[in-house]
Structure formats: structure tokens, C-alpha cells
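One-based numbering, in listed order, for ligands and for the atoms of each.
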Amino acid sequence: MSLYHETADILSAPSSTGGNLKTRLFGHKTTKPKQFKSPPPQIYALASETCKWSAVLKEVIDGSGLLHHERKLTPLLALLLVHDFLLSRKGIALPASHGLRAAVERHKARLTAELTRARLRRKAVSIEALRQLVTVEALGEVGLYPRWVRVNTFKTTLQDQLDTTFKDFTRVESVRDLIAGSTVVKSLYVDEHVPNLLALSPTFEITKTHAYASGAVILQDKASCFPAYLLDPQLEDGDVIDSCSAPGNKTTHVAAIVRSRVPEGEECKQKVYAFEKDLYRSRTLDKMVNLAGAQKITRMSLGRDFLKVDPDAPLYKNVGALLLDPSCSGSGIVGRDVMPTIHLPEQLGAAVKKPPPDRNRKRKREAGTADEDRQQILVDDDGQELVVSSEKEMKVRLEALSSFQLTLLLHAFAFPAARKVTYSTCSIHAEENEQVVMKALQSEVAVKRGWRVMKRDRQVRGMREWPVRGSLGASGGDEEIAEACIRSCKDDGRGVMGFFVAGFVRDAGPEVKEKGVALGNEKSGPKGAKGQGSSNGSSHLQNGPKTRITDSEDASSGTESDSSDTSNSDVESDWGGFAD
Ligand SMILES: C[S@@+](CC[C@H](N)C(=O)[O-])C[C@H]1O[C@@H](n2cnc3c(N)ncnc32)[C@H](O)[C@@H]1O
């Protein structure tokens with residue numbers, strides 16, 4: 001079967017086949033990948049590019065009457081062939097004598113003329129300009145967000161990248177300026193909160209650069225950079241654990257920070273222990289750690305459940321900082337991959353095979369009524385979707401998630417030398433966020449070991465100055481805890497996904513553990529909690545402005561739209577790297 005028939009089969013498979021284009025082609029951990037004659041990456045490229053261009057190509061094919069004259073062509077085959085004929089550098093990937101190729105090429109004059117008409121209708125001065133327009137249109141919601149790129153300091157520096165990969169880029173003053181001019185491909189913004197982070201125009205194809213292929217830059221949403229930056233591991237913190245690591249964005253980020261603390265020319269003695277329970281996802285972690293050049297200081301435990309790790313094991317006796325980014329509802333994610341929309345040309349006198357349903361559009365429509373607003377889509381770490389159609393179902397699911405998240409967090413608290421923990425989710429639900437923080441602070445292990453929340457004025461500069469903070473209502477009315485919690489909202493113009501992170505600290509000393517009492521007078525646990533953590537002394541540092549998440553904005557109120565509409569992100573997708 002030709003590349004074109006195989007691609008048409010993938011695109012016309014019923015939606016019950018499930019999964020997005022990638023999982024249909026490359027398989028999923030629970031399904032074996034299908035066997036294809038053509039290389040799956042080639043099918044993927046043809047399918048996704050054709051979908052992207054399908055609105056234009058439909059006009060071209062309809063206008064030229066191709067399907068009227070060539071009755072053997074189906075609308076889908078016509079789209080794929082005309083795409084390659086008009087837009088691919090190599091043309092149709094079939095021998096010149098092949099019937100399908102001939103069926104398209106004999107209409108060259110009409111097809112070319114119709115493409116020119118479609119371009120002029122869009123006021124594009126050249127094919128290149130049309131390509132830009134089509135790319136922006138195809139991005140949909142994702143086009144409203146910049147492409148966040150973290151400069152990987154294992155391999156390069158920010159200045160190096162500005163001088164090379166981005167040397168002919170225009171610097172803009174804010175993320176809003178970048179989004180407003182998203183058709184200006186080569187523009188960038190150097191982030192003011194997280195070091196070594198750049199925002200690029202969503203239309204710039206960073207994945208085609210050497211910097212991306214070599215691991216010098218890593219695609220990672222700004223909010224997803226908060227946990228490692230907030231953890232801020234120092235030399236005196238010793239070793240670090242990333243408890244839930246795949247695909248490895250935060251592992252490589254925290255490892256880069258650990259490495260950056262060691263003076264030039266000296267060996268890094270600290271280790272980053274990275275755990276990942278899922279064997280399938282572990283493969284991606286392994287690839288990413290190696291590509292990032294973080295393998296020297298990262299010890300990966302692939303397929304290992306963090307909950308089964310003994311905190312008192314001698315290997316972890318120097319672990320002073322832990323990063324915990326467990327599985328969550330994924331409700332903050334923007335632009336997760338779904339099947340792309342296809343605009344099919346009309347086939348005169350024949351029953352047109354319906355294209356796969358446009359799930360994005362359906363969901364947007366579904367957001368219309370109060371009842372429909374309650375329907376939410378939860379996405380697991382592999383991008384598998386679970387439609388939750390009642391509040392009760394949602395509540396049960398969130399309870400299960402938050403109880404699992406709390407168990408992991410309390411396990412992190414148990415490491416004897418630990419002084420710092422960050423807890424994060426890409427969820428907008430208070431149940432998975434502030435409420436987990438509150439329960440953790442009230443837990444026996446937190447009280448016994450003196451864990452308290454990392455207050456805003458003790459946080460690294462960028463996090464202190466980040467304005468969006470936790471929900472006061474969900475923090476039990478405790479202003480200090482709400483201020484300590486860091487949130488980000490999609491759709492607020494800051495160009496980031498919905499995210500949550502909180503830090504915990506303790507002053508340590510076996511005395512806290514043994515006596516079972518906390519030190520100092522500083523209020524640190526939630527109101528009504530028994531344990532009071534100790535103080536590091538008052539801070540002279542100023543907080544930034546604040547944008548408090550109000551109770552009505554809590555995800556628990558169910559008013560936020562679901563994130564899976566378009567999507568891609570933090571989780572594996574905000575890296576956007578390997579195809580598995
Ligand atoms: C949200 S993702 C982590 C994303 C990752 N931190 C990053 O930034 O690239 C959560 C991961 O935790 C893993 N996980 C869940 N429970 C775990 C456990 N008990 N031990 C280790 N890994 C776990 C999941 O398989 C999933 O890969």
C-alpha cells in the first residue's frame with residue numbers, strides 16, 4: 001500500500017480508534033504499534049501537514065473540479081496528493097507513471113491557478129506568507145501562547161544562544177507583545193522571572209534547529225520551570241530527589257541548577273536521584289537525561305515506585321531537597337495533542353466519508369451551558385483522556401488523585417536529611433493543590449519533623465515576584481499560606497499553562513524529630529494545625545505584587561474551561577520531544 005493510502009487510512013479511522021495522531025501511528029504502552037510499509041514519521045508528517053493546509057487545499061480542489069474529473073480519487077487521497085504536488089519540495093512520492101500521480105499532475109494548470117486564488121483571497125503576498133498564515137491558523141488556542149524554551153546550561157549559556165540560534169531575533173518587551181505579534185516569526189522575550197528562559201513566537205519552528213536537536217534548548221512551559229527554580233538546591237542541600245520524573249523536564253532543570261552551583265572546573269559531588277514508576281515513560285526520561293547531558297549527576301531508577309523507596313536507606317542519607325511533581329488531573333494544560341481537523345473537498349455525486357469529528361470544536365461548544373460546563377476532561381500522564389460528566393464523578397476522581405498526591409508528599413517529608421520539598425501539579429483544582437498543602441502541613445510527619453510552608457518572602461526572587469498566588473479560601477483563610485502558594489492561570493495573558501507549586505522547609509536537626517516539637521515562634525502551619533515550624537529570622541526582602549486566585553476561580557468551582565481542548569505541555573507534551 002502506498003504512503004498515501006496508509007496515511008488516508010490513519011486519518012479516516014473512526015474516532016472510536018482513540019488516541020491522537022501520534023498514538024495511532026506510534027502506539028501506546030497498552031497498544032502495540034500498527035505495522036506500516038511506509039516509515040511512520042513520514043506518514044505523520046504528511047498527515048499533519050495536510051490537515052494543517054486542508055482548508056486551503058479544499059478550496060483548491062473544489063475550485064479545480066479535480067474530483068469531478070478524476071472519479072477514482074477519494075477526497076482524502078486528493079488532499080494528500082495535492083498537498084505534496086503543490087507544497088512539498090519533492091512533489092508526489094510516487095513514480096511518474098503511477099496512476100494516482102498522473103491523475104493529479106494532468107490538472108497542474110488549474111490546481112496552480114486555484115492555489116494562487118486561495119492565496120490572494122487571504123491577502124498573502126507569497127507562498128511563504130501563506131505558509132505563515134496557515135501555521136498560525138492551525139495552531140488555534142496554542143497560537144495564543146508563546147513557545148517557552150529553557151536554555152540548558154549543561155550544554156550552553158543564555159548569551160551563547162542569543163548570539164547564535166537567536167542572533168537575528170528581535171527582542172520584545174513583554175510576553176503580551178510577543179503574542180500580539182505572533183506572526184512575526186523571529187521575535188523573542190527573555191523571561192523576567194525564571195533564569196535562562198526564553199519565550200519565542202509560537203510560529204517559530206524551534207524543533208528544526210540544531211540547538212533543539214542537540215539538547216542545548218529544551219521546550220518547557222514557564223510554569224513547569226517553577227518547581228526546580230523554587231527548590232533552588234544549594235551545595236549545602238546535598239543530594240536531590242526528583243520523585244516522579246518522566247519525561248524529565250524538571251529532572252534536567254534541577255540537575256542543571258545543581259551543576260551550576262559548583263565552581264567552574266570542580267567536580268559536582270551532588271547527585272540527582274530520579275524515580276519513574278512507569279517503564280514505558282522511563283524510556284523517555286532516559287533519552288531526555290542523556291540528550292540534556294545530565295547523565296553524569298543523575299541516577300535514574302527506571303520503573304521504580306518512589307513510594308517503595310526507603311527514606312532511611314544509607315544511599316539517601318544526604319538527600320536535602322526533593323521535587324515532587326506527581327500525576328494529576330492535567331486540567332491546567334494548554335494545547336494537548338488531539339486529532340487535527342481535516343477540511344475535506346466535496347465529491348460530487350458520491351457519499352462523502354465524514355472526517356473524524358473535530359473534538360476541539362465539540363468541546364468548545366460543550367462549554368456553553370451550565371450542565372455542560374460541568375463536563376470536564378481529565379488527562380493522564382500519557383495523554384489518555386477521561387471524560388468526567390458529573391460533579392459527583394469529578395469529586396470522586398479528584399479525591400482519589402489528591403489522596404495519592406498527599407501520600408507521595410508525606411513520603412517525601414520522611415527523608416531524614418530533607419530540608420526542602422516542592423510540590424507541584426499542572427492542575428487548576430484546589431483539591432489537588434492548596435488542599436493537599438493544608439493536609440500535608442497538618443500531618444503527623446510534618447508536625448513531628450517541623451515541616452512548614454516556604455513563605456513568600458523566603459522564596460527565590462522570581463517566585464517571590466510572581467504575582468499569581470494561591471486561593472485564600474482553599475488555604476483555610478490563612479493569608480500566609482495562600483501567599484506562599486504559587487499559581488499560574490491559562491488565559492490571563494501571561495502566556496503560561498495552569499499550574500500550582502508550593503514549597504516546604506524545615507530547619508532540621510534530629511532534635512525536631514526526636515522531641516516531636518517544632519522550634520521557634522513563627523507561625524508556619526495552617527490555622528488550627530498543631531505543629532509550628534521554626535523561623536529562619538525575618539526577611540528584608542520585598543514581595544512582588546499579588547494576583548490572588550479567588551475562590552470563584554478555584555477549579556473546585558468548576559468554572560475554568562478544560563485544558564485538553566487543544567493542547568500540549570507540561571507533562572511530556574510541553575517538551576514536545578521524542579515521538580514515543
Ligand atoms: C506529571 S508527570 C511528571 C512530569 C515530570 N516531572 C516533568 O516535568 O517532566 C508524573 C509522573 O510521575 C510518575 N509517577 C506516578 N506515581 C509515581 C510513583 N509512585 N513513583 C514514581 N513515579 C510515579 C508517572 O508515571 C508520571 O510519569
With heavy-atom distances below 4.0 Å as the criterion, list the atoms of ligand 1 near [X].
X      : answer
Phe404 : 15 (C), 16 (N)
Ser245 : 5 (C), 6 (N), 7 (C), 9 (O)
Asp325 : 1 (C), 2 (S), 3 (C), 4 (C), 5 (C), 6 (N), 8 (O), 10 (C)
Asp278 : 25 (O)
Arg304 : 20 (N), 21 (C)
Asp305 : 18 (C), 19 (N), 20 (N)
Leu408 : 19 (N)
Pro247 : 4 (C), 7 (C), 9 (O)

Is the Trp466 ring parallel, tilted or perpendicular to the His193 ring (thresholds 30°, 60°)? perpendicular
Take the angle between the ring planes of Phe306 and Phe415 and call it parallel below 30°, perpendicular above 60°, tilted in between. parallel
Do [X] and [Y] sit within salt-bridge range, that is, some charged N less than 4.0 Å from a carboxylate O?
X      : Y      : answer
Arg419 : Asp237 : no
Arg461 : Glu465 : yes
Arg397 : Glu393 : no
Asp239 : Lys271 : no
Arg261 : Asp232 : yes

Can Ser224 be said to touch ligand 1, with heavy atoms closer than 4.0 Å? no
Is the closest heavy atom of Gln220 to ligand 1 under 4.0 Å? no
Are any of the side-chain heavy atoms of Lys490 and Tyr145 separated by less than 4.5 Å? yes
Determine, considering heavy atoms only, which of Glu276, Arg281, Lys277 sits nearest to atom 25 (O) of ligand 1. Glu276
Using a 4.0 Å heavy-atom threshold (strictly under), name the region of Ser243 that reaches ligand 1: side chain, backbone, both or neither. backbone
When you compare ligand 1 with Phe275, is there at least one nitrogen or oxygen pair between them that comes in under 3.5 angstrom? no
Counting both backbone and side chain atoms, is some N or O of Gly248 under 3.5 Å from an N or O of ligand 1? yes
More than 12 heavy atoms from other groups under 6.0 Å of CD on Glu444: no
